[in-house]
Asker: 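Sharing a structure with you now.
Keep in mind that this is a model prediction, so the values were computed, not measured.
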Amino acid sequence: MSNVIQTLRERGFIEHITDESLEKVASGETLTVYAGFDPTADSLHCGSLLPILMLAHFQRAGHRPIALAGGATGLIGDPSGKKEERTLMTPEQVQTNVEGISRVLGKFLDFEGEQPALLVNNYDWIGKFSFIEFIRDVGKHVRITEMLARDSVKSRMEGGVGLSFTEFSYQVLQAYDFHHLHSVEGCRVQVGGSDQWGNITAGTDLIRRLGGEQCFGLVCPLLTTSSGQKFGKTEEGAVWLTADRTSPYQFYQYWVRTEDADVVRLLKLFTFLPLEEIGDLEKEVSENPGARNAQKKLAWEVTSLVHGEEAAQAAINASQALFGGSLEGLDLQTLEDIFSEVPTFTIDPSKIEQGYPILDALVDSGLASSKGDARRAIKGGAINLNNRRIEADSFAIAKEHLLHDRLAVLRHGKKKYCLGRVE
């Protein structure tokens, strides 16, 4: 059995650990390890990948992972890292989100084999409690002084916003999750982001008070980029792990744009590449940064992990489209993503039915100042439609020349694009 704690430490996963003896324990016996994911949306974002990959590392080292979807805790809302009260979701919203994140979690762990992963929903046990039963059987073993000392509570109290009893109780619910999984599944380790430290240690404390064996907490850092931006965020919002929220092309682009100062750290965290190979890529970053081979490798590995190799290859093909690569076979959403930042113009459908002269299209798009200018550009071999060169100034755009019956990508030279939309 490989030393998973050493592996996690070498790759930068460990920020805090409740007891260093976990390394010895993990090297000598098979452990059950869990991470919880509250259903605040019907998908998970890039930040959720760290605890998911921690579970995957444990499983690869011979341990048993449990992924918990918080059907019960999602009804309350975790105050960790939040400056103000969350808006409570309806039970129907939570159930829809649980189903969504369950599908996401199922892509990263092996649910067959010698140590199959387990997917659970904490509503299955917390939902059975009455209020009186919970505060008698569980609340009696939790100390208010310790609850008040948690960072998630202190930050809200000191900020003057305060905390409702509902959110204040969240850490007790999560602590009970750990106790339940310890009692029923023999779980001895909980992993999560560093914002979960207080909730996790609440669980180890509760298990100890209720007479369980020693259990452990392990948290990974909350990542920021070298420029100080929160990891997994863009100007458009979060980078999600499902294609309906963040397309594979957008996802690939997020990773391939990684700064040189961040790429080695992210290769260690978000891929399973051997450290020796990552070391070679680090040398390339230093010696030939313009090639961006480390970024391309990072983007390929993570996109393949999340969306599959076929989608990753399609994202690469799409990335080449802005440099004259083929546009054939690219779906409509990918095309929209590729050309989302280039100028656009509207084409009346009647013009396409009649045959839309390329000279008119170039003037309408702003890629040529006049028909004479357009003729000279075509004669010089500078004009392309859907990345295919236009040879004659008599050419007219017809329906068969459109992408998905509605898009025409015009290019003047190597970099001047304009997207025509038939609408």
Side-chain angles (χ1 to χ4, degrees), residues 234-237 240 242-254 256-257 296 299 303 307-423:
T234 67
E235 292 181 2
E236 291 75 31
W240 297 90
T242 47
D244 61 323
R245 283 177 170 263
T246 300
S247 71
Y249 170 77
Q250 292 171 318
F251 190 82
Y252 180 90
Q253 287 298 310
Y254 174 77
V256 86
R257 290 171 181 155
K296 292 173 184 177
T303 307
H307 294 292
E309 290 191 1
E310 184 175 341
Q313 186 57 55
I316 291 175
N317 295 343
S319 300
Q320 295 169 346
L322 282 173
F323 302 97
S326 174
L327 301 180
E328 293 181 4
L330 299 180
D331 61 68
L332 181 61
Q333 182 59 58
T334 299
L335 288 166
E336 294 277 11
D337 290 341
I338 294 170
F339 299 104
S340 62
E341 297 180 7
V342 307
T344 63
F345 73 108
T346 301
I347 303 173
D348 190 287
S350 63
K351 291 183 177 180
I352 297 296
E353 292 173 6
Q354 299 165 10
Y356 186 24
I358 189 64
L359 298 178
D360 290 344
L362 289 170
V363 173
D364 293 344
S365 68
L367 291 178
S369 58
S370 65
K371 289 186 179 181
D373 183 31
R375 285 192 181 92
R376 288 189 291 274
I378 292 171
K379 186 176 181 180
I383 300 302
N384 290 265
L385 172 65
N386 301 333
N387 284 347
R388 291 186 175 181
R389 182 174 296 176
I390 300 299
E391 304 288 351
D393 59 19
S394 59
F395 178 82
I397 303 174
K399 186 174 181 180
E400 62 265 24
H401 301 129
L402 299 176
L403 300 170
H404 298 280
D405 295 331
R406 70 180 74 178
L407 299 181
V409 180
L410 290 169
R411 175 162 57 90
H412 184 169
K414 291 184 177 181
K415 296 182 179 180
K416 290 177 63 177
Y417 279 91
C418 195
L419 179 66
R421 301 177 187 272
V422 178
E423 52 185 55

Asker: Please check if the distance between the ring centroids of His401 and Phe395 is under 6.0 Å.
Answerer: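 Yes.
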Asker: Determine whether more than 12 heavy atoms belonging to other residues, nucleotides or ligands lie under 6.0 Å from atom CD of Glu400.
Answerer: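 Check passes, neighbour count above 12.
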Asker: How close do Ile378 and Ile390 get, heavy atom to heavy atom, and via which atoms?
Answerer: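 Nearest pair, atom of Ile378 first, then Ile390: CG2-O, 3.6 Å.
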Asker: Quick one: closest heavy-atom pair of His307 and Ala243, and the distance?
Answerer: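 The pair with the smallest heavy-atom distance is CE1-N, 3.7 Å.
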Asker: Nearest 0.5 angstrom please: Leu330 CG to Leu407 CG, how far?
Answerer: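 With rounding to 0.5 Å, CG (Leu330) is 11.0 Å from CG (Leu407).
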Asker: What I'd like to find out is whether the side chain of Asp337 reaches to under 4.5 Å of the side chain of Phe251, using heavy atoms alone.
Answerer: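 Side-chain contact under 4.5 Å: no.
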Asker: Kindly compute the distance separating OG1 (Thr246) from CH2 (Trp240), expressed to the nearest 0.5 Å.
Answerer: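 Reported to 0.5 Å precision, the distance equals 8.0 Å.
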Asker: Could you tell me the separation between the OG1 atom of Thr346 and the CG atom of Asp364, rounded to the nearest 0.5 Å?
Answerer: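 Thr346 OG1 to Asp364 CG: 10.5 Å, rounded to 0.5 Å.
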Asker: Roughly how far, to the nearest 0.5 Å, is the CG atom of Leu410 from the OG atom of Ser365?
Answerer: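 Answer rounded to 0.5 Å: 5.0 Å.
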Asker: So, Gln354 side chain and Lys351 main chain: donor-acceptor pair closer than 3.5 Å or not?
Answerer: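 Flag not set: sc Gln354 to bb Lys351 has no pair under 3.5 Å.
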Asker: State, yes or no, whether a side-chain contact exists between Ser319 and Tyr249 at a heavy-atom distance under 4.5 Å.
Answerer: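 They are in side-chain contact.
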Asker: Measure the spacing between CZ of Arg411 and CD1 of Ile383 and express it to the nearest 0.5 Å.
Answerer: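 Output value for this atom pair is 9.5 Å.
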Asker: Quiz question: by atom type and distance under 3.5 Å, do the side chains of Thr334 and Asp331 form a donor-acceptor pair?
Answerer: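 Looking only at side-chain atoms, Asp331 and Thr334 do form a donor-acceptor pair, the distance falling under 3.5 Å.
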Asker: Charged N to carboxylate O under 4.0 angstrom, Asp360 versus Lys371?
Answerer: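 Yes, charged N to carboxylate O under 4.0 Å.
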Asker: Within a reach of under 6.0 Å around CZ of Arg406, are more than 12 heavy atoms found that belong to other residues, nucleotides or ligands?
Answerer: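 No, because the 6.0 Å sphere around CZ of Arg406 holds 12 heavy atoms or fewer from other groups.
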Asker: Over all heavy atoms of both residues, which pair between Ala361 and Ile397 is shortest? Give the atoms and the distance, please.
Answerer: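 Minimum heavy-atom contact is CB-CD1, 4.0 Å.
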Asker: Starting at CG of Leu385, measure out to CZ of Arg388 and round the result to the nearest 0.5 Å.
Answerer: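 The distance works out to 9.5 Å.
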Asker: For Glu336, is there an ion pair with Arg421 - N to carboxylate O distance below 4.0 angstrom?
Answerer: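 The answer is yes: the pair qualifies as a salt bridge.
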